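Please read the structure below before turning to the comments.
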Amino acid sequence: MSKLPKAHKFIDLSDYGRPIARLIATSLKNTSFTPVHVTIAFIISGLIGVVCILLGYFWAAAFFLIFKSILDAADGELARVKETPSYTGRYLDSVADIILNAIILMAIWYITDTHILITILAFIGIQLQGTLYNYYYVILRNQFDGDTTSRVFENKTPVALKGEKQSHVDILFKLYKMLYGNFDKAIYALDKNASRGKITPNWLMMAISTFGLGFQLLLIAAFLVLGWTNYIIPFFIAYSVMIFVFIGIRKGLYSQ
């Protein structure tokens, strides 16, 4: 099930794994596997990728990082085909993503000569990039009655949906707010009126999708296999400049 009507679909460069993710979800539809199981699988895939980075097996690392991205899409697809949306899955997915991002960058820091403070700066840049993409994408989905578990503003703990425990939602929401809260606030401060503006055009959403986690992992995988490990962290710092460019373009389009 698409998250957007046909007229407002855009080429999501971070979502290259969606066709395979749908196949995985379809194959698991009538099994006992749940979306949370798939989330756990992508955590394992990401961690295997980290071990491969540390051991210098960069082709294997690239495979597991991309496979992680595919599974990251598959958990949501499985929730849709089984019609079992949950805040537990939504927040577990996000918490796992940010922790894995930090671990992946730390692994890259370990095998390169990059200063730890530069690595932290790259992590902040990556998270702000992803937050901007998600901010605009969730706004777009909400404008067309998109999925019910994603909200533009995560201000309060949601009420658990059928089949999940409120205690699980409470814990994961607190973790989500602790890990993402400052990034959400920063992006909101840069573009407070995005949710009240006109619909972001497809071409701009496609460009912003390069900030999506899937595309970020694809870039890391490509840099690894090309032997450009020393350029990964500086690249993401430099590319963070595009945050201001994309926001400026969006504001410029609808300034009248």
Side-chain angles (χ1 to χ4, degrees), residues 3 14 33-47 49-50 68-69 71-80 82-107 116 119-142 146-192 194-195 211-214 216-217 236 240 243:
K3 297 178 182 179
S14 74
F33 282 92
T34 68
V36 170
H37 289 143
V38 179
T39 301
I40 292 171
F42 89 56
I43 294 171
I44 294 171
S45 182
L47 291 175
V50 168
K68 181 267 177 190
S69 182
L71 292 175
D72 201 351
D75 58 4
E77 286 292 333
L78 186 58
R80 279 184 281 278
K82 286 198 170 194
E83 298 182 350
T84 55
S86 73
Y87 289 109
T88 300
R90 181 257 186 274
Y91 294 124
L92 178 62
D93 185 298
S94 296
V95 168
D97 278 337
I98 193 170
I99 292 174
L100 280 173
N101 283 354
I103 295 173
I104 290 167
L105 282 182
M106 289 302 292
I116 186 62
T119 304
I120 293 172
L121 187 60
F123 172 74
I124 293 171
I126 283 177
Q127 292 308 134
L128 287 173
Q129 290 171 32
T131 300
L132 181 68
Y133 165 67
N134 289 328
Y135 180 49
Y136 286 161
Y137 194 16
V138 172
I139 287 172
L140 190 60
R141 277 151 46 188
N142 275 235
D147 61 282
T148 58
T149 58
S150 295
R151 302 178 295 176
V152 177
F153 302 108
E154 299 285 359
N155 296 322
K156 61 180 181 179
T157 307
V159 177
L161 299 174
K162 181 180 179 181
E164 63 179 339
K165 294 182 178 180
Q166 186 64 50
S167 59
H168 293 169
V169 176
D170 293 344
I171 292 170
L172 287 167
F173 180 76
K174 288 178 182 178
L175 282 172
Y176 175 89
K177 288 293 290 182
M178 180 179 69
L179 295 170
Y180 284 95
N182 289 329
F183 297 112
D184 289 343
K185 290 176 183 177
I187 292 301
Y188 176 69
L190 289 171
D191 197 357
K192 295 180 180 180
S195 62
F211 281 172
L213 180 55
Q216 291 173 338
L217 291 177
F236 282 108
S240 295
I243 292 172

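What's counted below: heavy atoms across the whole structure, side chains too, no hydrogens, waters or symmetry copies. It should be emphasised that the depicted structure is a prediction, and the values quoted were computed from it without experimental measurement.
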Which atom pairs, one a donor and one an acceptor, fall under 3.5 Å between side chains of residues 167-187 and the rest of the protein, sequence neighbours left out?
residue : atom : partner : partner atom : Å
D170    : OD1  : Q166    : NE2          : 2.8
K177    : NZ   : E154    : O            : 2.8
Y180    : OH   : S94     : O            : 2.5

For residues 37-44, tabulate all N or O donor-acceptor pairs below 3.5 Å that involve a side-chain atom, not counting sequence neighbours.
residue : atom : partner : partner atom : Å
H37     : ND1  : T34     : N            : 3.0
H37     : ND1  : T34     : OG1          : 3.3
T39     : OG1  : P35     : O            : 3.1
T39     : OG1  : D75     : OD2          : 2.7

Q: Kindly give the heavy-atom pair with the smallest separation between Y136 and A194, and that separation in Å.
A: CE2-CB, 3.7 Å

Q) Considering all heavy atoms of both residues, which atom of L161 and which atom of P85 are nearest to each other, and what is their separation? A) CD1-O, 3.5 Å

**Q.** Donor-acceptor contact below 3.5 Å, side chain E164 vs main chain S86
**A.** no

Q | Partner residues of D97 under the salt bridge (Lys or Arg N to Asp or Glu O under 4.0 Å) criterion, sequence neighbours left out | A | K68

Q. In Å and rounded to the nearest 0.5 Å, what is the CG to CG distance from D93 to L213?
A. 9.0 Å

Q: Given side-chain contact (heavy atoms from CB on, under 4.5 Å), test F211 with I243 step by step and report yes or no.
A: CA-CA 9 Å; F211 281 172; I243 292 172; 3.7 Å; yes

Can you give me every donor-acceptor pair (side chain of residues 119-133, partner residue at least two apart or in another chain, under 3.5 Å) with its distance?
residue : atom : partner : partner atom : Å
T119    : OG1  : H115    : O            : 3.2
Q127    : OE1  : N101    : ND2          : 2.8
Q129    : OE1  : Q216    : NE2          : 3.4
Q129    : NE2  : F236    : O            : 3.1
Q129    : NE2  : S240    : OG           : 3.0
T131    : OG1  : Q127    : O            : 2.7
Y133    : OH   : D12     : OD1          : 3.3
Y133    : OH   : D12     : OD2          : 2.5

Q.
So Y188 and S195, do their side chains get closer than 4.5 Å, heavy atoms only?
A. no

